[in-house]
Amino acid sequence: MSLDVANVNGGNGNENPSHSQDKRELLCLLKLLKKYQLKGTEELLCQEANVNSADLSNIDDDDVKTVLNAALSLTEDKLNRQAAAAATALSNESKAATETNAAEALAKFIGDDAFDAQQYEQAYEELRTFVEESLDIYKHELSMVLYPILVQIYFKILASGQVEKARGFIEKYKSDLDGYYIEGLFNLLLISKPEELLDNDLVNAMETDKFVIRMSRDAHSLFKRHIQDRRQEVVADIVSKYLHFDTYEGMARNKLQCVATAGSHTGDAKRQDNKIRVYYGLLKEVDFQTLTTPAPAPEEEDDDPDAPDRPKKKKPKKDPLLSKKSKSDPNAPAIDRIPLPELKDADKLLKLKALREASKRLPLNKEQLPSAVFYTILNSMQGVTCAEISDDSTMLACGFADSIVRIWSLTPAKLRALKDAEALRELDKESSDINARMLDERSGEMTRSFLGHTGPVYRCAFAPEMNLLLSCSEDSTIRLWSLLTWSCVVTYRGHVYPVWDVRFAPHGYYFVSCSYDKTARLWATDSNQALRVFVGHLSDVDCVQFHPNSNYVATGSSDRTVRLWDVLTGQSVRLMTGHKGTVSSLAFSICGRYLASGSVDHNIIIWDLSNGSLVTTLLRHTSTVTTITFSRDGTLLAAGGLDNNLTLWDFHKLTDDYLSNQITVSHHQDENDEDVYLLRTFPSKNSPFLTLHFTRRNLLMCVGLFKS
């Protein structure tokens, strides 16, 4: 093979191609040195390579570019090959390490090299027979051990690789369990490989936290004796590793009492989970008398000799509504326990207006039920996902699946925006109606929209001052909107998955959010970082609510538990179990002592926050309870659900019955007849309830979405 190359340094045309290529590259390099005026380096290279500078005339700029590109591509290919080789080696090492770790983790499930699935199945069969043959007084408490032991044996058989045998074991014995455990068993049956055990939430929950069973001391002694007498080592091993017995003195609970607090993925709540004191009382209200009474003039002497007949000045009369002093609540937290924003004069006037309006409140009772108005959202092709009414009942906010937030005015007053900066400078700042003067009358509209989210909006929340609105979305962000400039003020980022709920604190400034990432977070409006992260739920946190004194936050989760968190410390101070499905709604009583929670299991449960005990379960709804609220005087509880029904309950009678018949923590109230406390049921035509709201005068406002 011959290559036609121009003569370089007196060479002939029959040079070796590779040698000729080297010379060409060398000349290109010299050309590049000459171009950048590196004369010293150029002369040294010519001398070393025995090349004449005159030969550079045969090399043009295109030749230099070609040689440089070829060199760069060779270097890049080499680097890519090295990186690929390193990545392959690392992947192989990582895969080997992962497989080793997975094998070790699965070996822990089995716990015995000579694993015999038949032995475990026989042990469970004997345990099941023991429970069935035990005395009726102990049978219901003893049956509580079947579910966790069944699940742990299933894990062990599955970890050994016997997938079909594990499924057959569940199918054979699942009929022995209560219906509320079937959903969890169904999810476990979806596990098709032993390795999937390591990533399952329920498996991890039962591995990290022992399954808690509340049992009388007598029933527990019977259970221990059975294990020891029958020498059931396999069951004893499961009990010691994965079960915790919270024993108490006294008579064993009946079936109703056992079922009342069951349903959680990790069993009952431990008594020590609810030992910390909770300051559930309300904070002392601001003294409005000082705000409305003018400052006293300097006192004049009565015995003025120059004016003996001057009439004495009358002291201004005190408003009887405002002169009532609020009693100090012994269960209330200190006013400075958490830093709360100082009330501005405008905020005090808003509170004063609310207080005067509340004085005209209609008292509600069994004979005098509230009037209700239902706002039905029609033709919402975008799909309404949430609704919220402002505290003064003048605005309605709705979130939509197409990421829009829309505000409506519920009064003839239109939604106005601030005047421009030039017009604001001309206003008299000392004017008493400055807040009204700041708004532009020409900008008034009956409805306004907010655009900014990139996913469905799951919750809206008005600030207590009604000048800000929060919204949370599937896009994992929370946005703060101004109701004066009608624009987004802040975007809060911290959650890494969809945010399901967000709520303002009753005293403003703080707000709380909850997410699919299993956490709830406390924020302040002036900080883009979360102040507290509440961690403890085993599944996504679906709903959240602030306590009336702003010191505590309640959360409801898909793990079927309700928790109460201390804002000051970030600790969980109450753990409440009893729901048989995802907790979908929460509401605190007006007095702050009680918490109501609604669920996908169609039930409403009332909890006593002073000790974390279950007061009673209200049964009437036939579908998910989506919204709960208390009347402004605290006497009625209203609930709405996907079954298109609104229910009203006599909360005053319920609490009176509870306080007159105090129930111990380990025993649940036997009386569970829903008709005792149910006052009225109102069905809507075909509109599930999105939200309920009592006005300051106790008019009940409902919002629903019409489903054609």
Side-chain angles (χ1 to χ4, degrees), residues 111-112 116-157 169-170 172-182 184-185 206 209-274 575 577-578 580 613-614 663-670:
D112 187 6
D116 183 5
Q118 190 64 37
Q119 182 186 4
Y120 278 89
E121 188 169 342
Q122 185 180 347
Y124 183 81
E125 181 67 45
E126 290 180 9
L127 177 64
R128 178 169 164 263
T129 305
F130 160 72
V131 171
E132 287 179 355
E133 293 177 353
S134 59
L135 294 174
D136 289 346
I137 190 173
Y138 303 120
K139 182 183 291 185
H140 304 298
E141 283 196 338
L142 289 171
S143 66
M144 305 300 286
V145 304
L146 293 177
Y147 170 72
I149 292 177
L150 175 81
V151 168
Q152 290 299 334
I153 293 176
Y154 170 74
F155 291 162
K156 289 179 181 295
I157 299 175
F169 177 70
I170 289 284
K172 182 178 179 180
Y173 294 109
K174 69 178 183 181
S175 58
D176 299 337
L177 305 176
D178 289 299
Y180 47 83
Y181 287 129
I182 299 301
L185 291 177
M206 297 189 77
D209 294 325
K210 288 188 174 184
F211 193 93
V212 181
I213 299 173
R214 187 172 299 156
M215 188 177 284
S216 66
R217 196 170 296 279
D218 292 342
H220 187 230
S221 298
L222 279 174
F223 177 68
K224 285 199 299 184
R225 198 178 308 141
H226 164 74
I227 294 175
Q228 292 165 359
D229 291 349
R230 297 295 181 95
R231 294 182 180 176
Q232 290 194 328
E233 290 85 0
V234 291
V235 173
D237 183 58
I238 291 174
V239 169
S240 63
K241 286 182 180 177
Y242 304 110
L243 269 63
H244 172 84
F245 289 94
D246 188 8
T247 57
Y248 61 90
E249 298 290 347
M251 208 167 72
R253 296 177 298 164
N254 59 32
K255 185 171 179 61
L256 177 66
Q257 293 166 339
C258 289
V259 169
T261 56
S264 165
H265 293 325
T266 54
D268 294 324
K270 297 177 188 174
R271 277 179 292 181
Q272 54 263 38
D273 289 334
N274 297 322
L575 171 60
T577 63
K580 313 301 184 284
S613 64
L614 188 153
I663 308 153
T664 60
V665 177
S666 59
H667 287 69
H668 173 57
Q669 194 170 4
D670 285 329

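- The side-chain heavy atoms of His244 and Phe211, taken from C-beta on, include no pair separated by under 4.5 Å.
- Side-chain atoms of Leu185 and Val151, non-hydrogen and from C-beta on, do get closer than 4.5 Å to each other.
- For the atom pair Leu243 CG and Met215 CE, the distance stands at 8.5 Å (nearest 0.5 Å).
- A donor-acceptor contact shorter than 3.5 Å links the side chain of Arg271 to the backbone of Thr247.
- For Asn274, there are no side-chain hydrogen bond (donor to acceptor under 3.5 Å, both in side chains) partners two or more places apart in sequence or in a different chain.
- For Lys255, the salt bridge (Lys or Arg N to Asp or Glu O under 4.0 Å) test picks out Asp178, with sequence neighbours left out.
- A donor-acceptor pair under 3.5 Å links the side-chain atoms of Lys580 to the main chain of Ala262, judged by distance alone.
- A distance of 10.0 Å separates CD of Gln119 from CD1 of Ile153, quoted to the nearest 0.5 Å.
- With sequence neighbours left out, Ser216 forms a side-chain hydrogen bond (donor to acceptor under 3.5 Å, both in side chains) with Glu141.
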Test side-chain contact (heavy atoms from CB on, under 4.5 Å) on Glu125 and Tyr173 and set out the steps.
CA-CA 9 Å; Glu125 181 67 45; Tyr173 294 109; 2.6 Å; yes
Is there a side-chain contact (heavy atoms from CB on, under 4.5 Å) between Phe169 and Glu121 once you walk through the steps?
CA-CA 8 Å; Phe169 177 70; Glu121 188 169 342; 3.9 Å; yes
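- With a 4.5 Å cut-off on side-chain heavy atoms, Ser143 and Asp176 do not count as touching.
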Does the side-chain contact (heavy atoms from CB on, under 4.5 Å) test come out yes or no for Ile149 and Tyr242, once each step is laid out?
CA-CA 9 Å; Ile149 292 177; Tyr242 304 110; over 6 Å; no
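- Tyr120 and Tyr124 have their aromatic ring centers separated by at least 6.0 angstrom.
- Aromatic ring centroids of Phe223 and Phe245 lie under 6.0 Å apart.
- Between Asp246 and Ala269 the shortest heavy-atom distance is OD2-O, 4.1 Å.
- Nearest approach of Leu614 to Ala260, heavy atoms of both residues: CD1-O, 3.5 Å.
- In this structure, Asp268 contributes its side chain and Arg214 its backbone to a donor-acceptor pair below 3.5 Å.
- Checked against side-chain contact (heavy atoms from CB on, under 4.5 Å), Ser264 has the following partners two or more places apart in sequence or in another chain: Thr266, Thr561, Thr577.
- With sequence neighbours left out, the side-chain contact (heavy atoms from CB on, under 4.5 Å) criterion links Gln122 to Glu126.
- Going from atom CG of Leu142 over to atom NE2 of His220 covers 10.0 Å, rounded to the nearest 0.5 Å.
- His140 is not listed as a side-chain neighbour of Arg253, based on a closest heavy-atom distance of 4.5 Å or more.
- Lys210 places no side-chain N or O within donor-acceptor distance of the main-chain N or O of Val239, the cut-off being under 3.5 Å.
- Separating the CG atom in Asn254 from the CD1 atom in Ile137 is a distance of 10.0 Å, to the nearest 0.5 Å.
- Taking Lys174 as the reference, Glu171 meet the side-chain hydrogen bond (donor to acceptor under 3.5 Å, both in side chains) condition, with sequence neighbours excluded.
- Here the straight-line distance linking atom OH of Tyr138 with atom CE of Met251 works out to 9.5 Å at 0.5 Å rounding.
- Ion pair Asp136/Lys139 flagged as a salt bridge, since at least one NZ, NE, NH1 or NH2 atom sits closer than 4.0 Å to an Asp/Glu carboxylate oxygen.
- In this structure, Tyr147 has its ring center closer than 6.0 angstrom to the ring center of Tyr181.
- Here Arg128 contributes atom CZ and Glu132 contributes atom CD; the two are 5.0 Å apart, rounded to the nearest 0.5 Å.
- Counting only distance, with no hydrogens or angles, the side chain of Asp237 and the backbone of Val234 share no donor-acceptor pair below 3.5 Å.
- Within the 3.5 Å criterion, the main-chain N or O of Phe130 finds no donor-acceptor partner in the side chain of Glu133.
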